[in-house]
Amino acid sequence: ARAAGGARVSAGVRDARFTLLGTGTSAGVPVIACECATCTSDDPRDRRTRTGAMLQFTDAGGQERVVLVDAPPDHREHSLRHKLRRVDAILFTHAHVDHVFGLDDARLYNVSMRSPVHLFGERTMLAELERIYEHIFKPHRNVNKSFVADVTTTPIEPGASFDLHGVRVTPLRLLHGALPIVGYRFDVVP
């Protein structure tokens, strides 16, 4: 099957659902030491973790899939709240701390899935991940043998769609202030 734009996708994806895991600022909400009405509110809607999202679906072979957009420091909480046992891929938007500092928890998906977690991002973004997470990408340099995440990486480019277990993913150029980052469009062919 071919989707709009000519990218090849597999038919048979079903039960697709998109969940916003966190919608807070880079500091989360409430913010430490803030006395504003929102940060001191008792309303549970005023408690927001850092930004992350999740696409869940069943592929054509019947396998449930989980694709994350970013891995914020609150990822552990997101995972526990949604009872995640697997993450097939993480699509990174940019290398700010509030979008990548949850990557270390990917090692726990390795145990339950017995396979690597696939990471996608622009080349410069993946290079930043390798710098930040040297213990994952260069485990031979670790002083002690460590339990580190098993990951694979694929560089992406804005506008160049790719297939991810039957879902067409299109990276889109966006601006985060003056910083060029990537957003993602998902097209599912039932």
Side-chain angles (χ1 to χ4, degrees), residues 8-10 13 15-22 49-158 160-171 181-184 186 188:
R8 182 155 174 62
V9 297
S10 303
V13 169
D15 303 325
R17 55 209 175 278
F18 189 80
T19 305
L20 295 175
L21 299 171
T49 58
R50 285 158 286 202
T51 302
M54 170 177 61
L55 176 67
Q56 295 172 289
F57 59 95
T58 304
D59 70 15
Q63 174 66 57
E64 291 186 23
R65 301 289 181 176
V66 176
V67 176
L68 299 179
V69 178
D70 290 332
D74 300 311
H75 173 68
R76 178 182 171 279
E77 183 61 34
H78 297 164
S79 181
L80 293 170
R81 183 183 320 143
H82 292 277
K83 297 179 174 45
L84 297 184
R85 299 198 44 80
R86 70 177 302 121
V87 167
D88 297 284
I90 304 173
L91 309 177
F92 286 99
T93 59
H94 63 296
H96 283 171
V97 168
D98 57 316
H99 293 261
V100 302
F101 266 30
L103 179 59
D104 197 53
D105 288 324
R107 61 194 171 134
L108 300 163
Y109 302 119
N110 298 144
V111 173
S112 64
M113 295 183 345
R114 296 192 173 144
S115 63
V117 174
H118 206 88
L119 311 180
F120 293 83
E122 290 185 278
R123 287 183 193 283
T124 55
M125 196 275 143
L126 294 175
E128 281 296 298
L129 277 184
E130 289 183 27
R131 182 188 63 78
I132 295 166
Y133 289 103
E134 185 173 315
H135 69 284
I136 292 174
F137 292 94
K138 296 177 182 169
H140 61 281
R141 291 188 183 176
N142 295 343
V143 173
N144 295 318
K145 184 170 172 53
S146 301
F147 173 36
V148 298
D150 181 12
V151 299
T152 60
T153 60
T154 298
I156 55 98
E157 294 182 24
S161 298
F162 59 94
D163 178 83
L164 191 57
H165 305 290
V167 172
R168 188 182 93 195
V169 180
T170 305
I181 67 167
V182 177
Y184 295 94
F186 301 103
V188 177

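Scope of the values below: all heavy atoms of this structure, side chains included, with no hydrogens, waters or symmetry mates.
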Among I90, V87, L55, V117, find the one that has a side-chain contact (heavy atoms from CB on, under 4.5 Å) with V66.
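By the side-chain contact (heavy atoms from CB on, under 4.5 Å) criterion, V66 pairs with just one of I90, V87, L55, V117: V87.
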What I'd like to find out is whether the side chain of [X] reaches to under 4.5 Å of the side chain of [Y], using heavy atoms alone.
X    : Y    : value
F162 : T154 : no
V167 : V67  : no
L129 : T153 : no
R107 : V148 : no
V69  : F186 : yes
R65  : L164 : no

Verify, without hydrogens or angle tests, whether [X] (side chain) and [Y] (backbone) share a donor-acceptor contact under 3.5 angstrom.
X    : Y    : value
S112 : R85  : yes
D74  : R50  : yes
D59  : G61  : yes
R86  : M113 : no

Restricting to salt bridge (Lys or Arg N to Asp or Glu O under 4.0 Å), what partner residues turn up for E64, sequence neighbours left out?
none
Roughly how far, to the nearest 0.5 Å, is [atom2] of [Y] from [atom1] of [X]?
X    : Y    : atom1 : atom2 : answer
L68  : L91  : CG    : CG    : 8.0 Å
E130 : M125 : CD    : CE    : 10.5 Å
F147 : H135 : CZ    : NE2   : 11.0 Å

What orientation do H118 and F120 show, parallel under 30°, tilted 30 to 60°, or perpendicular over 60°?
tilted
Within a reach of under 6.0 Å around [atom1] of [X], are more than 12 heavy atoms found that belong to other residues, nucleotides or ligands?
X    : atom1 : result
R123 : CZ    : no
R17  : CZ    : yes
Q63  : CD    : yes

Salt bridge R76-D105, side-chain N to carboxylate O under 4.0 Å
no
Heavy-atom closest contact ([X] atom, [Y] atom, distance):
X    : Y    : value
T93  : H99  : OG1-ND1, 3.6 Å
G121 : Y184 : CA-OH, 4.3 Å
I156 : P171 : CD1-CB, 3.8 Å
A53  : F18  : CB-CZ, 3.5 Å
A16  : V188 : CB-CG2, 4.1 Å
D98  : P72  : O-CB, 3.1 Å

Please assess F137 against I132 for the test side-chain contact (heavy atoms from CB on, under 4.5 Å), listing each intermediate value before the final yes or no.
CA-CA 9 Å; F137 292 94; I132 295 166; over 6 Å; no
Pair I136-D104, side-chain contact (heavy atoms from CB on, under 4.5 Å): steps then yes or no:
CA-CA 8 Å; I136 292 174; D104 197 53; 4.1 Å; yes
Using the ring centroid of each side chain, check whether H94 and F92 are separated by less than 6.0 Å.
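No, the ring of H94 stays outside the 6.0 Å limit from the ring of F92, centre to centre.
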Quick test of your reading: applying ring-ring contact (aromatic ring centres under 6.0 Å, His included), list the pairs with at least one residue in residues 50-89, sequence neighbours left out, ordered by first then second residue.
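Applying ring-ring contact (aromatic ring centres under 6.0 Å, His included) to every pair that reaches into residues 50-89, excluding sequence neighbours, yields H75-Y109.
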With side-chain contact (heavy atoms from CB on, under 4.5 Å) as the criterion, how do L21 and R81 come out once you've worked through the C-alpha distance, each side chain's angles and the decisive distance to 0.1 Å?
CA-CA 9 Å; L21 299 171; R81 183 183 320 143; 5.6 Å; no
